[in-house]
Amino acid sequence: MKQGLAALVLLLAACNPGPPPPDMKDPLAVAGAFVSAFNTRDLSRMLPLVDQVNLDAIKEALAGGPDSEAWRGIFDPEMVEILARQDGKVEGPRYDGREALVKVGASGDGDIYAIGLEQGKDQKWLIVEHAVLSEAKYLALDEKSNH
């Protein structure tokens, strides 16, 4: 009986592989997929969405697990709370030179939490950083890319 249940669980997992990959040529889609993965603590889904520096940090957190410093560094309680409060909503992007900034949260005192993405030569956007800036500064950024 246990073998049958285990086989059923494996079959259901194979049939439900999770959300489809985002359009990597759309910074809003990439940021939305990242926030969704972040909110469910799915580091594996984050891997293809980030640049090499962040990729190394995520791999370290995967290897160390939830009790590791690397894991806690990614899932900082303040960021967990802010992103959960937004319930996966992302806004933007706004552009600052070659970087796209997507709003993923806001504090109570007027700060915007954003994910910064850069576009590679293959036209795909990857997450390179997170930023905190004032709402006025965020809104002053370009709504359209200059590239």
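Just so you know, these numbers come straight off a predicted model, no measurement behind them.
By the 6.0 Å contact criterion, CG on Asp109 is enclosed, its count of non-hydrogen atoms from other residues, nucleotides or ligands being greater than 12.
Within the structure, side-chain hydrogen bond (donor to acceptor under 3.5 Å, both in side chains) pairs that include any residue of residues 55-76 comprise Gln52-Asp56 (at least two apart or interchain). Sorted by first and then second residue, the side-chain hydrogen bond (donor to acceptor under 3.5 Å, both in side chains) pairs with a member in residues 27-44 read Ser36-Arg45; sequence neighbours excluded. For residues 107-132, the set of pairs meeting the ring pair (Phe, Tyr, Trp, His ring centres under 6.0 Å) definition, not counting sequence neighbours, is empty.
Partners of Val50 according to the side chain to side chain contact (heavy atoms under 4.5 Å, CB included) rule, which considers only residues two or more places apart in sequence or in another chain, are Phe34, Asn54, Leu55, Ile58, Ile127. Applying the side chain to side chain donor-acceptor pair (under 3.5 Å) test to Ser134 and every residue at least two apart in sequence or in another chain returns nothing. Every residue was checked against the side chain to side chain donor-acceptor pair (under 3.5 Å) condition with Asp122, not counting sequence neighbours, and none meets it. With sequence neighbours excluded, the residues satisfying salt bridge (charged side-chain N to carboxylate O under 4.0 Å, His left out) with Glu143 are Arg94. Qualifying ring-ring contact (aromatic ring centres under 6.0 Å, His included) partners for Phe38, counting only residues two or more places apart in sequence or in other chains: Phe75. In this structure Glu81 satisfies the salt bridge (charged side-chain N to carboxylate O under 4.0 Å, His left out) test together with Arg85, sequence neighbours excluded. Take Lys89 and apply the salt bridge (charged side-chain N to carboxylate O under 4.0 Å, His left out) test, not counting sequence neighbours, and it matches Glu91.
Taking every heavy atom of both residues into account, Pro48 and Leu126 meet most closely at O-CD2, 3.5 Å. The shortest heavy-atom contact between Glu99 and Val128 is OE2-CG2, 3.6 Å. Of all heavy-atom pairs between Tyr95 and Ala100, the closest is CE2-CB, 3.6 Å. Across every non-hydrogen atom of Pro93 and Val102, the tightest pair is CB-CG2, 3.9 Å.
Residues Asp51 and Glu118 form no side-chain contact, since every pair of their non-hydrogen atoms from C-beta on lies 4.5 Å or further apart. Between Leu49 and Pro22 there is a side-chain heavy-atom pair separated by less than 4.5 Å.
Here Leu139 is tied into one hydrophobic group with Leu101, Ile112, Leu133, Tyr138, Leu141, each link being a pair of ILVMFWY side chains closer than 4.5 Å.
Between the side chain of Asp23 and the main chain of Lys25, a donor-acceptor pair closer than 3.5 Å is present.
If you take CG on Leu117 and CZ on Arg98, they are separated by 13.5 Å, rounding to the nearest 0.5 Å.
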